[in-house]
Amino acid sequence: MRIIMLGAPGAGKGTQAKKIAERYKIPHISTGDIFRANIKNETELGKKAKAYMDQGMLVPDELTISLVMDRFKEPDAENGYVLDGFPRTIPQAESLDAALREDGSQIDHAVNVDVPDGAIIERMSGRRACVNCGATYHLQYAAPKKEGVCDHCGDGLILRDDDKPETVEKRLKVYHDQTQPLIEYYAQKGVLKEVDGTQGLEEVFSQITAVLGE
Ligand code: ADP
Ligand code: ADP
Ligand code: ZN
């Protein structure tokens with residue numbers, strides 16, 4: 001099963017993508033996580049990506065598309081995946097389609113986690129991320145067992161620099177300009193599935209499993 005997660009930054013794509021990956025036994029591919037791992041390891045790609053990410057801008061398509069295409073070639077992605085944070089622009093979606101066509105495959109579901117802008121700032125300001133393993137928490141809605149400590153690996157939790165309110169506003173604008181048009185793009189392909197992302201974590205997940213229908 002090949003699934004795309006759509007939705008504003010902070011809508012809950014990552015949270016739900018991890019649950020989908022576990023339930024359907026497919027890899028969770030997050031471009032944000034790949035970029036952050038590159039930044040941590042101080043790679044050339046990481047240095048380039050950081051300059052854009054810190055400003056709440058998208059990393060250019062030339063850097064992003066080749067990265068994802070390489071990830072698809074890994075053996076675990078052969079029978080499907082859940083893509084979180086890609087595509088984020090029409091050219092990215094078109095490149096993905098072209099690559100899938102070559103393999104004779106296609107996207108099965110594009111799940112749009114719908115959350116209005118008003119709720120996003122609250123989601124983002126309470127988000128905490130593990131510096132080591134990338135797990136995410138929320139101070140109120142998905143708190144770690146011990147404050148400031150990752151449940152999975154015991155490392156420290158931080159507020160991402162790009163989750164500060166000024167950058168979140170910029171990211172929301174970028175989302176509306178560049179990413180939101182993908183909703184229509186996938187609706188036209190007949191694979192769009194809408195879920196109400198304002199509900200609780202488990203409620204959103206049940207809506208998703210219901211629309212995936214498997
Ligand atoms: P969030 O989960 O809050 O939506 P991500 O972790 O997906 O954020 O992405 C963080 C940042 O990484 C984005 O603001 C952007 O700068 C960059 N990024 C991630 N995916 C892409 C992509 N597909 N195209 C361009 N930039 C991306
Ligand atoms: P995205 O990947 O779309 O940027 P995340 O999955 O990282 O979003 O979620 C953003 C923040 O909101 C995180 O702190 C997460 O724990 C929290 N969150 C996710 N889904 C919900 C929900 N349904 N209700 C309340 N908080 C949520
Ligand atoms: Zn961790």
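Indexing begins at 1, ligand by ligand and atom by atom, following the structure's order.
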Check: In chain order, what residues pass the ring pair (Phe, Tyr, Trp, His ring centres under 6.0 Å) check against Phe35, with sequence neighbours excluded?
Finding: none
Give the numbers and elements of all ligand 1 atoms closer than 4.0 Å to a heavy atom of [X].
X: Met57; answer: 15 (C), 16 (O)
X: Thr31; answer: 19 (C), 20 (N), 21 (C), 23 (N)
X: Arg36; answer: 6 (O), 10 (C)
X: Gln92; answer: 22 (C), 23 (N), 24 (N), 25 (C)
X: Gly85; answer: 20 (N), 21 (C), 22 (C), 23 (N)
X: Pro9; answer: 3 (O), 4 (O)
X: Arg171; answer: 1 (P), 3 (O), 4 (O), 8 (O), 14 (O)
X: Met53; answer: 11 (C), 12 (O), 16 (O), 17 (C)

Students should be able to answer this: which protein heavy-atom is nearest to [atom], and at what distance?
atom: atom 27 (C) of ligand 1; answer: Phe35 CE1, 3.7 Å
atom: atom 8 (O) of ligand 2; answer: Gly12 N, 3.1 Å
atom: atom 19 (C) of ligand 1; answer: Arg88 NH1, 3.3 Å

Would you check if there is a donor-acceptor pair between the side chains of [Y] and [X] at a distance under 3.5 Å?
X: His152; Y: Asn132; answer: no
X: Thr43; Y: Asn41; answer: no
X: Lys18; Y: His28; answer: no

With the threshold set at under 4.0 angstrom, would you say [X] reaches ligand 2 through any of its heavy atoms?
X: Gln199; value: yes
X: Ala8; value: yes
X: Gly200; value: yes

Notebook entry, point to check: Heavy atom under 4.0 Å from ligand 1: found in Gln55's side chain, backbone, both, or neither?
Noted result: neither
Next item on the list: Pick one of side chain, backbone, both or neither for how Thr64 approaches ligand 1, counting any non-hydrogen atom pair under 4.0 Å.
Entry: side chain
Path from [X] to [Y] over hydrophobic side-chain contacts below 4.5 Å:
X: Phe86; Y: Ile39; value: yes
X: Val149; Y: Leu139; value: no
X: Leu83; Y: Leu6; value: yes
X: Val211; Y: Val191; value: no
X: Val68; Y: Tyr185; value: yes

Margin query: Tell me whether ligand 1 is touched by Tyr52 - counting only heavy atoms on the residue side and a distance under 4.0 Å.
Written below: no
If you draw a 6.0 Å radius around [atom1] in [X], do more than 12 non-hydrogen atoms from other residues or ligands fall strictly inside?
X: Glu78; atom1: CD; answer: no
X: Lys170; atom1: NZ; answer: yes
X: Glu22; atom1: CD; answer: no
X: Phe205; atom1: CZ; answer: yes

Check: Short N/O distance, under 3.5 Å, between Tyr141 and ligand 2?
Finding: no
Margin query: Polar contacts were defined as any N/O atom of the residue lying under 3.5 Å from an N/O atom of the ligand; does this apply to Val204 and ligand 2?
Written below: no
Item checked: Shortest heavy-atom approach to atom 25 (C) of ligand 1 - which of Thr89, Val174, Val59 -> Val59
Checklist line | From the candidates His138, Glu203, Gln140, the one that places a heavy atom nearest atom 16 (O) of ligand 2 | finding: His138
Notebook entry, point to check: When rounded to the nearest 0.5 angstrom, what distance separates CG in Asp84 from NZ in Lys13?
Noted result: 6.5 Å
Next item on the list: To the nearest 10 degrees, calculate the angle at the Zn ion (ligand 3) involving SG of Cys133 and SG of Cys150.
Entry: 110°
Margin query: Nearest 10°: the angle subtended at the Zn ion (ligand 3) by Cys130 SG and Cys153 SG?
Written below: 100°
Margin query: Taking the basic N atoms (NZ, or NE/NH1/NH2) and the acidic carboxylate oxygens, is any pair closer than 4.0 Å for Arg101 and Asp97?
Written below: no
Note to self: Suppose I only count heavy atoms of Gly14 and a 4.0 Å limit; which atoms of ligand 2 are within that range?
What the structure shows: 1 (P), 2 (O), 6 (O)
Next item on the list: With heavy atoms of Tyr137 as the reference, note each atom of ligand 2 found under 4.0 Å away.
Entry: 13 (C), 14 (O), 16 (O)
